[in-house]
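Notes for the one structure printed next.
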Amino acid sequence: MGDTGQTLTRNFQYHSRRRWALGLIGIAVLGALALVVLLSVKVISDLSDRQSAQTDNVQWTLTQVEVEFLFYLNALETGVSDAEPSTENLDLVRRRFDLFYSRIEILDTSRLFETLRSDPKFAEPLNDVSAYLEVSVPTIDAEDPGLKAGLPVLYDGAQGIAQKVRELSVSAISYFASQSDQRREETALSLFQLAVLSGGLFLTLTAVSAYLLVVNRKADRRGGAIQQANQRMNTILSTSLDAVIVVNADGEVLEFNPAAQAIFGYSEDEAKGRSIGDLIVPAHLRAAHNAGMERMQSGGDRHVVGKGRVQLEALRKNGDVFPVELALQSAQAGDEEIVIGFVRDISQSVADQKELVSARDRALAGEKAKSDFLTVMSHEIRTPLNGLLGNLTLLKNTRTTKQQSQFVRNMEISGQVLQNHVDAVLDIARFEAGKLSVAHEPTDLNAMLQDLVDGQSGNAASRGNSISWQWVGGAYPYVATDAQRLRQILLNLVGNAIKFTENGRVSIEVERCEPCGQGKAHVYEVRVIDSGAGIAEDEIDAIFDDFHTSDPSIGRTVGGTGLGLGIARRFAQAMGGEVGAESTLGEGSIFWLRIPLQPSARDQLLEAAQIVTETALPLNLLVVEDNEINLEVICNMLALDGHRVTTAENGQVGVDKASSQRFDAILMDISMPVMDGPTAARHIRGGQGQSTDVPIIAVSANVLPDAVETFRAAGMTAFIGKPISLSALRRALSVVTRTDGQISEHAQPDPLAELKGSLGPEVFARLHAKFIAEGDELVEQLETGAFDQTDLSQIAQACHKLAGSAATFGVEEFREALVAVETAAKEHKDITNKLAAVSTAWERAKSSPAWD
Amino acid sequence: MRMFFAILTAAFTICLTPAQAADLGTPTGGVVLTVSGNIAQTGPDGAAQFDMEMLQALPQRSFETSTIWTEGEATFVGVPLSVLLEKVEAEGATIRATAINDYAVEIPVGSISAQDPIVAYEMDGAAMSRRQKGPLWIVYPYDSDTKYQTEVIYSRSIWQLDRLEIVK
């Protein structure tokens with residue numbers, strides 16, 4: 001609308017300018033015409049002056065004066081010469097006198113000679129001649145004898161005025177000649193002016209014609225442009241997919257384009273002139289429509305017009321009500337307001353949208369079903385597998401023949417493989433669900449790789465392969481990472497290499513590369529190099545796909561799910577790294593893993609190691625489990641470590657037993673009849689029984705993070721996945737009992753011996769020396785007041801660090817003293833009275849015989 | 001026989017002429033105007049002669065006008081030229097008018113209307129003397145119409161008129 005407005009303004013300015021120009025030209029033309037008319041009149045009057053000249057033939061008159069005079073003189077001469085003139089002669093004299101007299105009278109009275117008479121050159125001789133005539137009249141009029149007597153006098157007088165008569169004609173003729181010249185000049189001037197003006201008028205008219213021609217051409221062009229625009233507009237209207245309807249202020253249809261006809265089912269003739277409300281507004285919206293029309297007519301607020309797209313319902317000729325998208329805009333057509341409506345039939349898109357929503361709902365339901373299926377499957381597969389593997393473990397501990405032991409080991413291997421497959425499928429499910437969590441725990445790459453090579457050496461040897469690993473460049477083994485996943489990746493890569501190599505070599509290289517930016521982690525590259533069959537170039541990209549086995553024949557001989565590399569790829573991605581492969585067919589392959597790893601402090605590693613290696617004490621335990629085989633497996637495993645076990649076959653029984661007796665810990669199955677594990681846990685925690693605060697360890701085949709979270713929310717302390725392994729059971733029990741401190745009353749095993757055993761004597765000696773140095777330093781600082789007593793947070797930090805190491809080296813008294821100082825410092829209490837205890841405990845620890 | 005007829009015709013013609021001359025009348029005073037040429041009514045000399053009395057007896061017309069030759073306006077009385085021509089039963093295309101001084105001018109018969117010009121014999125109630133362009137003057141009513149203000153008309157306004165000749 002803004003554009004149109006500007007165009008209108010421009011047009012208006014243009015038109016008013018043109019009106020001005022035309023007005024000026026008109027005035028100029030009129031003025032010129034008036035002048036031409038004026039001049040023409042003057043020229044015509046000049047000409048008619050000539051035509052009706054006031055002049056007669058003056059020259060004739062003047063010459064006649066002289067001629068008549070000469071006749072008169074002649075008559076007198078004849079009379080005078082004759083001694084006795086006849087009457088006839090006298091009459092001739094009289095007639096000649098009269099004629100001459102009448103000539104002079106004309107000069108004397110005629111207005112032709114009026115101006116001439118004011119000229120003395122003319123007037124003087126005229127007066128003389130007149131005077132002669134007047135004097136002569138009595139003689140002429142006398143009887144014949146009188147005239148006869150007077151003739152000589154008349155003759156003499158006539159001779160006397162002869163010269164005057166001559167002067168008279170000459171002066172008059174020269175006067176009239178000059179006057180005639182003047183008149184000619186005047187006429188010539190008038191004609192010249194007329195010519196100039198006519199020329200000017202001609203030029204003006206030419207200019208006006210040219211201007212009108214230009215204006216006309218412009219108008220033609222504009223007309224053409226308007227016609228084109230109209231044609232375009234018609235084309236747009238007729239090809240528009242949206243209905244375009246134009247109505248006047250009363251709501252009567254003015255335009256109804258083909259799309260509108262198709263959508264609403266009315267022909268153009270049917271629609272035109274009818275009320276738009278009756279035509280396409282469904283009954284339930286008609287009241288609102290009418291109100292809107294009334295508002296518009298009275299110039300009130302507009303709710304829809306000019307407010308962009310609105311979704312409404314409309315009515316077809318056949319009575320269908322369907323959804324439309326509507327945009328209304330008003331415009332001024334002449335002095336009437338019109339409303340233009342663009343209507344889009346969106347019934348199809350609304351239907352599509354509904355379809356889409358239901359498809360999404362179905363997909364979500366499918367996803368849920370898949371997740372549920374995996375949960376159930378992992379439970380359903382893991383539970384019997386748990387039974388199998390558990391019983392195998394128990395079987396190993398019975399007396400068996402050598403052959404039976406071999407069979408058991410074979411079965412155990414097969415069981416482990418099966419479990420790995422199930423775990424692999426679960427890992428993928430977890431990754432796809434976005435629930436793959438990555439831990440950051442202190443890890444020793446040396447130990448991991450050595451374990452890996454050791455573990456796989458048998459496998460490699462069985463296919464005639466040698467296996468080894470080494471650092472390239474410096475060794476940086478201590479990193480924080482998700483050790484379990486990293487191990488899995490490497491295991492899959494190495495396992496794959498062994499699988500496709502026969503009588504060859506598998507070597508692993510580890511290299512730390514420079515970080516790619518300031519403050520970024522170092523990228524570690526692990527290369528698994530084999531001298532196997534190699535992979536065709538066009539297969540390289542496909543080998544990391546799920547369920548891919550490079551060659552069906554090989555696949556069959558080596559076996560496998562085809563998930564190994566896929567899992568490796570996913571884990572690497574989850575940890576921020578990537579895996580890849582390069583290969584030459586027939587020469588071997590290199591599989592590489594690049595992964596960013598943060599370095600880890602060595603003492604953190606010690607803390608982690610201690611947890612793993614801590615041995616559980618004989619405990620009083622409650623096991624709640626409905627599956628009899630599983631129950632037996634767990635009970636037997638616990639019995640191996642000397643724990644005392646009470647059993648319950650479902651949650652309700654478990655709750656009852658836990659309230660009547662205090663246990664060190666409770667092992668709780670999740671899915672059970674009567675009452676499930678989480679519910680039982682909530683009851684135990686919420687009840688008044690003996691075991692409300694003991695650790696509850698969830699035992700479940702459902703290891704999805706969601707499920708684990710549910711266990712936690714129910715008040716369960718820890719979690720063991722099925723199938724249960726003895727080591728996992730031990731670790732869980734040790735963690736649980738350690739954190740709640742319930743086991744402190746039991747006999748303390750020798751933690752230093754444990755540590756020495758797991759770290760090796762050299763490492764232990766080095767770490768121990770470092771610990772003693774740090775302890776000495778801190779105690780000395782505390783004693784001498786080297787610390788700023790006001791900087792309590794610094795003291796707290798130092799004590800916390802040393803307390804961690806003290807726990808590792810089993811000096812409990814010292815650790816407790818340090819924790820007391822730390823706590824006091826954090827709470828801004830006085831620490832001076834606690835410092836002595838620290839010194840005492842430190843001295844006692846150093847003098848302990850175990851440290852030697 | 002042929003001779004007889006010629007004599008008869010001539011005799012007849014001679015006999016008739018005096019009878020018609022009697023219609024025209026005979027001038028008793030001085031002859032002021034002689035009309036000759038192709039006319040039916042003739043006097044003794046094969047021309048029609050008029051004295052002032054005869055002219056004054058004819059139907060007259062008078063008007064007031066100025067002239068370029070006289071001072072102020074004057075009232076002219078005279079006999080319309082057309083009346084005069086009718087009187088002499090003139091048959092011709094041109095009239096040759098001649099003045100006393102032998103000034104002559106030709107007036108086409110077609111230019112003569114029923115009223116104008118007149119052969120004036122009176123100006124401001126008095127007869128015109130020879131010294132005053134008299135006694136006869138062909139006058140047009142110059143002031144009544146610009147068509148009477150041309151040089152041709154002025155030249156035809158012959159004064160001291162004494163002869164008219166009708167030319168075929």
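A, B, ... follow the sequence lines: proteins, then strands. Residue 1 opens every chain. Here the structure is a predicted model, which means the values were calculated and not measured. Below, all heavy atoms of this structure are taken into account, side chains as well, without hydrogens, waters or symmetry copies.
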(Q) What verdict does the side-chain contact (heavy atoms from CB on, under 4.5 Å) test give for A/Val67 and B/Tyr103, after you've listed the backbone C-alpha separation in whole Å, the side-chain angles of each residue and the deciding distance to 0.1 Å? (A) CA-CA 12 Å; A/Val67 168; B/Tyr103 172 77; over 6 Å; no
Q: Search all heavy atoms of A/Glu105 against all heavy atoms of B/Gln132 and return the closest pair with its distance.
A: OE1-CA, 4.0 Å
Q | Atom group of B/Tyr142 that falls short of 4.5 Å from chain A, counting heavy atoms | A | neither
**Q.** Minimum heavy-atom distance A/Arg95-B/Ile100, with the two atoms named
**A.** CD-CG2, 3.2 Å
**Q.** chain B contact via A/Arg103 - which portion, at a heavy-atom distance below 4.5 Å
**A.** side chain
Q. Can you tell me if CZ on A/Phe122 sees more than 12 non-hydrogen neighbours from other groups inside 6.0 Å?
A. yes
(Q) Is B/Gln160 in contact with chain A via its backbone, its side chain, both, or neither, using a 4.5 Å heavy-atom distance? (A) side chain
(Q) Could you report the tightest heavy-atom contact between A/Thr109 and B/Trp69, atom names first, then the distance? (A) OG1-O, 3.3 Å
Q. Is the CD atom of B/Glu64 crowded by more than 12 outside heavy atoms at less than 6.0 Å?
A. yes
(Q) What part of A/Phe97 gets within 4.5 angstrom of chain B, counting heavy atoms only: side chain, backbone, both, or neither? (A) side chain
Q.
Using the side-chain contact (heavy atoms from CB on, under 4.5 Å) definition, which of the options A/Leu99, A/Leu133, A/Ile104, A/Val137 pairs with B/Arg131?
A. A/Val137
(Q) Can you confirm whether B/Glu91 is buried at CD, in the sense that more than 12 heavy atoms of other residues, nucleotides or ligands lie under 6.0 Å from that atom? (A) no
Q: State, to 0.1 Å, how close A/Asp98 and B/Arg130 come at their nearest heavy-atom pair, and which atoms those are.
A: OD2-NE, 3.0 Å
(Q) With a sphere of 6.0 Å drawn around CD of A/Glu124, does it hold more than 12 non-hydrogen atoms of other residues, nucleotides or ligands? (A) no
Q | Proximity breakdown for B/Thr67 and chain A, heavy-atom pairs closer than 4.5 Å | A | backbone
